[in-house]
Amino acid sequence: MKQELVTIHSFKYLTPEILELTFVSDYLGKNALPGHFINIRVDQNFPLLRRPFSIFNIEGNKVSIVFNVIGTGTKILASKKIGDAIDVLGPCGNSFLTFAEGEFDTAVFVGGGIGVAPFPFLTKRFNPAKKIVTFLGGRNKSLVVKNGLQNVKISTDDGSEGFHGTVLDLIKSDFKKNKYGKIRFFTCGPLRMMKALADFANEIDAECYASLETDMACGIGLCQGCNVEIVGGERKYKLVCKEGTIFETKSVKLS
Amino acid sequence: MKQELVTIHSFKYLTPEILELTFVSDYLGKNALPGHFINIRVDQNFPLLRRPFSIFNIEGNKVSIVFNVIGTGTKILASKKIGDAIDVLGPCGNSFLTFAEGEFDTAVFVGGGIGVAPFPFLTKRFNPAKKIVTFLGGRNKSLVVKNGLQNVKISTDDGSEGFHGTVLDLIKSDFKKNKYGKIRFFTCGPLRMMKALADFANEIDAECYASLETDMACGIGLCQGCNVEIVGGERKYKLVCKEGTIFETKSVKLS
Amino acid sequence: MNQMFTLRDVEFKNRVLVASGTFGYGNEVLDLVDISKLGGIMTKSLSMKPRDGNSSPRITETASGMLNSIGLANIGVHKFIEDKLPILKKHDTKIIANIAASSIEEYCGVLELLDVQNGIHGFEINVSCPNVKEGGLNFGTDPKQVALITKELRKRTQKPLIIKLTPNVTHISEFARAAEAEGADAVSVINTLIGMAVNINTRKPKIATTTGGLSGPAIKPIALAKVYETHNAVKIPVIGIGGIKTWEDAIEFFIVGASMIQVGTANFVDPASGISIADGIDQYCKNKSIDNFDSLVGSLQTNKNVSIVDSWL
Amino acid sequence: MNQMFTLRDVEFKNRVLVASGTFGYGNEVLDLVDISKLGGIMTKSLSMKPRDGNSSPRITETASGMLNSIGLANIGVHKFIEDKLPILKKHDTKIIANIAASSIEEYCGVLELLDVQNGIHGFEINVSCPNVKEGGLNFGTDPKQVALITKELRKRTQKPLIIKLTPNVTHISEFARAAEAEGADAVSVINTLIGMAVNINTRKPKIATTTGGLSGPAIKPIALAKVYETHNAVKIPVIGIGGIKTWEDAIEFFIVGASMIQVGTANFVDPASGISIADGIDQYCKNKSIDNFDSLVGSLQTNKNVSIVDSWL
Ligand SMILES: Cc1cc2nc3c(=O)[nH]c(=O)nc-3n(C[C@H](O)[C@H](O)[C@H](O)COP(=O)(O)OP(=O)(O)OC[C@H]3O[C@@H](n4cnc5c(N)ncnc54)[C@H](O)[C@@H]3O)c2cc1C
Ligand SMILES: Cc1cc2nc3c(=O)[nH]c(=O)nc-3n(C[C@H](O)[C@H](O)[C@H](O)COP(=O)(O)OP(=O)(O)OC[C@H]3O[C@@H](n4cnc5c(N)ncnc54)[C@H](O)[C@@H]3O)c2cc1C
Ligand SMILES: Cc1cc2nc3c(=O)[nH]c(=O)nc-3n(C[C@H](O)[C@H](O)[C@H](O)COP(=O)(O)O)c2cc1C
Ligand SMILES: Cc1cc2nc3c(=O)[nH]c(=O)nc-3n(C[C@H](O)[C@H](O)[C@H](O)COP(=O)(O)O)c2cc1C
Ligand code: FES
Ligand code: FES
């Protein structure tokens with residue numbers, strides 16, 4: 001883990017609402033893994049705290065994130081210029097790859113909204129022996145990012161693209177048609193979606209690994225602000241930023 | 001007085017350190033007078049308070065200010081782009097023109113550093129029957145702005161341009177050489193400079209009008225934070241933002 | 001939905017007031033703000049004699065806030081009645097006279113002079129004042145003094161009597177209860193927090209009086225907690241103040257128990273913010289289809305399975 | 001110039017400490033920060049038994065600040081001694097054990113276990129804790145309890161004993177005097193201020209425990225005023241805490257009377273900020289040719305012709 005000033009290399013709108021920000025970092029280029037996040041200080045004064053972003057893609061020393069403007073921090077980030085320096089701390093958290101080995105044939109990636117962020121990079125680095133299917137859900141088409149993914153199936157709440165409904169309904173109907181052998185879920189997105197998916201995974205008893213999101217003050221285990229309640233174990237909580245962000249859904253209370 | 005969102009028309013570096021920001025406002029173009037200031041909200045969140053700036057020039061509906069980056073607010077202002085909207089409140093304060101009539105032959109403008117700001121616009125609108133001489137003092141040449149002024153004489157603390165020394169020494173030596181008839185001083189700049197000038201004005205018993213600067217929370221008479229102690233009168237203080245910023249130096253305690 | 005609120009017989013057209021000392025005397029902004037769109041105006045604190053106020057500098061900016069030490073500079077109650085009230089009267093809004101004093105007698109005297117003025121709709125009492133008899137000890141930090149002030153003033157007016165409390169105490173609820181017990185119609189929470197700032201080059205305080213009152217968005221979380229504590233302690237309405245800059249801020253205050261709110265420091269940045277806040281509140285209520293405003297007041301959904309013992313550790 | 005400071009026989013190499021609960025157990029940041037460049041580390045508050053802490057959410061951001069309600073989650077004193085202390089010991093900095101407890105017996109028990117550890121250089125006592133015997137009433141808001149805790153702990157250690165005071169009281173100086181009278185070597189000022197924030201869509205508090213502790217730049221002016229009040233009330237050193245993010249902030253605290261300072265929330269944004277602050281302090285002293293640090297401490301140049309009565313009105 002390292003704190004460094006990196007230079008912004010480029011901006012690119014992947015959809016009318018979702019922006020990809022690429023910066024240059026030899027260190028992260030070498031050391032960041034799929035599922036890791038970085039913590040960005042968007043301004044010296046305001047907002048006070050860093051903002052966490054999943055690593056979307058890495059090519060050599062070009063590292064990128066994707067985001068949509070939802071508040072103060074993302075607004076400031078979107079207003080930066082190419083060549084500007086930003087203060088980045090990372091890589092933080094654990095990696096999906098830790099859970100990519102073992103007894104399954106098909107890795108099913110399930111991304112909700114901006115929760116798609118970690119999957120292109122995961123697709124790139126995933127165990128080639130495994131088959132990959134990707135399900136994406138979004139409120140509407142301008143919130144769906146398909147770049148760098150494999151076998152993408154899309155659902156939107158308003159039907160503006162792909163299946164009209166929730167991503168889980170899409171998955172269920174798709175699973176009736178197609179056979180993927182033994183599957184394992186990897187998901188990131190809204191809590192409600194991940195909880196529904198986790199329940200479905202239990203029904204069909206597949207393992208499910210979810211990248212959780214909480215408010216974070218530090219992102220590196222200093223503040224203990226990012227607790228998630230765990231199932232069993234002698235401790236009641238774990239830290240999302242350090243012991244996660246990725247947990248097997250069976251092991252945590254999603255609520 | 002009006003609060004309006006105006007559009008930035010252009011930026012121009014008048015010296016390596018001093019930036020002119022021009023924006024479009026029909027209202028200020030018509031109603032602002034020399035010596036007035038405007039109060040700019042540089043950001044929605046941080047810093048909290050507006051920043052006051054003297055009106056540097058007006059051409060039709062093009063209104064400009066000049067500033068150098070000294071802190072948070074001016075840094076943000078300097079980072080704005082052409083076409084950006086800024087929230088401007090003004091015109092605030094009184095005008096030098098109120099004191100431009102009466103028994104004198106020559107108006108002597110004395111600007112210290114960025115305190116030159118109001119004088120180009122004042123020069124443009126000043127009573128043509130009067131002669132104008134302008135003395136400028138700065139720490140070094142990159143802090144001296146000559147644009148739009150008449151009969152400019154310059155002093156710098158480091159001698160990098162014009163007379164090597166304080167603007168007051170320059171004035172004194174100049175007055176030995178040249179005769180201006182009955183003079184009246186108009187000044188804006190560091191308090192120490194204005195105080196020295198006021199004392200000199202008393203010696204040669206000339207009237208002296210100074211634009212004062214204090215920290216301001218509102219700039220329009222709401223907070224009473226900008227008090228200056230006055231000489232005589234039944235009240236002890238006046239408000240710089242509303243009853244000034246321009247006072248006859250005899251009437252206020254400069255300290 | 002309408003935001004109307006009644007205190008005694010006085011009807012405020014909406015829940016947004018402007019805070020004392022942050023709106024001049026109301027006349028300064030007439031060309032910028034249509035004050036008839038405000039629920040009411042709390043005047044600058046008025047004392048019997050004019051007060052020059054403190055020496056300069058009186059204000060300084062801090063992170064998301066500001067410090068002030070104006071020293072209750074004001075033109076005095078007589079001049080206010082002569083020069084300012086006639087102007088304010090013309091506008092269709094409620095004028096609440098805020099009173100500051102250094103003795104109980106002075107509080108009573110100023111109130112009596114104003115009580116007979118029909119342009120004055122009520123009183124807000126600033127108890128964050130030095131009690132000269134007690135060597136400058138602050139009235140606002142002694143529940144007995146707050147009770148006594150309330151009692152004496154209650155005797156002297158039938159108009160709404162609002163006690164404005166200082167947050168610089170251990171349990172603000174004690175003070176609210178004291179005011180309630182003596183017949184106050186409402187309490188205003190909060191006044192400024194004691195703070196200071198230093199110029200590291202001159203080693204002088206950034207305001208002349210060394211310490212000053214902290215206000216602005218920085219204090220909003222503290223103000224919300226004080227309003228919440230007060231709302232849970234008394235039955236009379238609480239008027240929420242502290243760092244309110246947007247309508248979202250105002251809604252937070254209503255949810256924790258404020259019946260009305262005041263906008264202070266935000267007026268310096270946007271003198272019309274009170275009006276946009278009132279509009280925003282309307283919109284919020286429409287969108288959430290809240291048609292009885294009181295169902296919003298104090299509607300905080302606390303986490304039941306948390307014992308108060310654990311709170312804020 | 002050197003910043004060395006001595007408390008009892010313990011020599012801190014500089015005036016910058018990291019605040020309890022904002023630096024983990026010190027081991028989390030070893031690859032980011034050379035902790036041997038810090039004057040010292042205040043550990044996360046340690047209790048006798050491990051504490052799970054409060055439910056989630058525990059933190060939320062506010063204007064130039066944050067609220068937290070971690071609930072003193074910690075691994076317990078035993079596990080700290082086994083797992084963490086051995087790592088911290090290896091580094092050339094001072095380790096001050098911060099202790100939290102819900103009874104005086106627990107305070108004493110935890111201190112005794114740590115007092116015999118040679119890696120522990122001193123103690124900071126977090127008195128902002130609910131006194132279970134008194135139905136959860138906060139130790140830190142009762143001067144008698146603070147005196148009692150200090151007295152009992154002083155009997156049990158010869159190492160530096162620092163009492164960390166809460167700002168949520170009317171007169172913090174009372175509490176500092178109580179600690180001084182019972183033999184405390186220093187007081188830390190301030191812990192967090194009680195605050196809250198609300199989600200206006202769910203109407204739930206933004207942290208599970210409803211109220212939480214406010215920290216960060218927003219509270220710096222309040223912290224400075226509390227340090228100033230405390231410095232004027234006691235002779236023992238005051239350790240300044242509250243919103244320190246830059247070396248300029250730190251200098252403000254020294255000028256109002258802090259002998260050392262602690263960096264808290266700023267560590268979350270920049271874990272190495274303590275080190276840059278220490279460097280900045282060195283530079284400032286060089287530039288101002290201050291060669292005796294104590295000449296800076298409490299060197300505030302107040303405005304003589306201002307009566308305290310007028311202050312902060
Ligand atoms: C581990 C981790 C990885 C993340 N990766 C990404 C990513 O790759 N791309 C991305 O766009 N975002 C990501 N996020 C979320 C991102 O950090 C937040 O969207 C961001 O902090 C919002 O900051 P802001 O200042 O723009 O919004 P704020 O001004 O902080 O908040 C604006 C509004 O958005 C709401 N809000 C704030 N944070 C969140 C949140 N996390 N989720 C939902 N609503 C929120 C607030 O309640 C508020 O109403 C991630 C978060 C975590 C914890
Ligand atoms: C009536 C009036 C008219 C003004 N006109 C102009 C103008 O035309 N052009 C211009 O450049 N400036 C002008 N100023 C000053 C300008 O408003 C300040 O420079 C500005 O507020 C600094 O803001 P900042 O956020 O960049 O600096 P801050 O971050 O607020 O301060 C940064 C540093 O500068 C110091 N500082 C802050 N304000 C001042 C000040 N007023 N004078 C000296 N040091 C200060 C602070 O103490 C701090 O050390 C005027 C001020 C007033 C009151
Ligand atoms: C410059 C200034 C002057 C004030 N003067 C008064 C006053 O005269 N009487 C009073 O009761 N409160 C006064 N206050 C306190 C405000 O009314 C309000 O209680 C406080 O500022 C908190 O609200 P805010 O954060 O919205 O500003 C003053 C506040 C400021 C900033
Ligand atoms: C997340 C968090 C956890 C904290 N935990 C503790 C603690 O365990 N014990 C303690 O005495 N203080 C604790 N504090 C208070 C800090 O040590 C410090 O007193 C306070 O945050 C003010 O300083 P700051 O503004 O620099 O953060 C905590 C503060 C924060 C923000
Ligand atoms: S965010 Fe601070 S410990 Fe996880
Ligand atoms: S700056 Fe507010 S009254 Fe002058």
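Letters A, B, ... are given to chains in the order of the sequence lines, protein chains preceding strands, and every chain is numbered from 1. What you are looking at is a predicted structure, and each value in this text was computed from that prediction instead of being measured.
With rounding to the nearest 0.5 Å, the separation of CG in B/Asn45 from NZ in C/Lys245 is 4.5 Å. Of the inter-residue distances, the one linking B/Gln3 atom CD with C/Leu32 atom CG reads 7.0 Å to the nearest 0.5 angstrom. The CG atom of C/Leu67 sits 11.5 Å away from atom CG of B/Asp215, with the distance rounded to the nearest 0.5 Å. For the atom pair C/Asn267 CG and B/Cys223 SG, the distance stands at 11.0 Å (nearest 0.5 Å). Put simply, OG1 on C/Thr265 and CG on B/Leu222 are 11.5 Å apart, with the number rounded to the nearest 0.5 Å.
Nearest heavy-atom pair across C/Val269 and B/Arg41 is CG1-NE, 3.3 Å. The shortest heavy-atom contact between C/Gly53 and B/Tyr237 is O-CE1, 3.5 Å. Here the shortest heavy-atom pairing between B/Cys218 and C/Phe268 reads CB-CD2, 3.7 Å.
Contacts between C/Ser56 and chain B at a heavy-atom distance below 4.5 Å involve backbone atoms as well as side-chain atoms. Heavy atoms of B/Glu229 lying under 4.5 Å from chain C are absent altogether. For B/Gln44, the part lying under 4.5 angstrom from a heavy atom of chain C is the backbone only. Using a 4.5 Å cut-off between heavy atoms, C/Lys44 touches chain B through its side chain atoms alone. Residue C/Pro271 touches chain B through both its backbone and its side chain, counting heavy-atom pairs closer than 4.5 Å.
The closest donor-acceptor contact from the side chain of C/Glu61 to the backbone of B/Pro47 lies at 3.5 Å or more, if one exists at all. With hydrogens and angles disregarded, a donor-acceptor distance shorter than 3.5 Å links the side chain of C/Arg58 to the backbone of B/Gln224. At distances below 3.5 Å, not a single donor-acceptor pair connects side-chain atoms of C/Glu28 with backbone N or O atoms of B/Ile220. Panel note: side chain B/Asn227, backbone C/Ile70; no donor-acceptor pair is recorded below 3.5 Å.
The neighbour count for B/Lys75 NZ, taken as heavy atoms of other residues, nucleotides or ligands under 6.0 Å away, does not exceed 12. The local environment of NZ in B/Lys62 is crowded, with over 12 non-hydrogen atoms from other residues, nucleotides or ligands closer than 6.0 Å.
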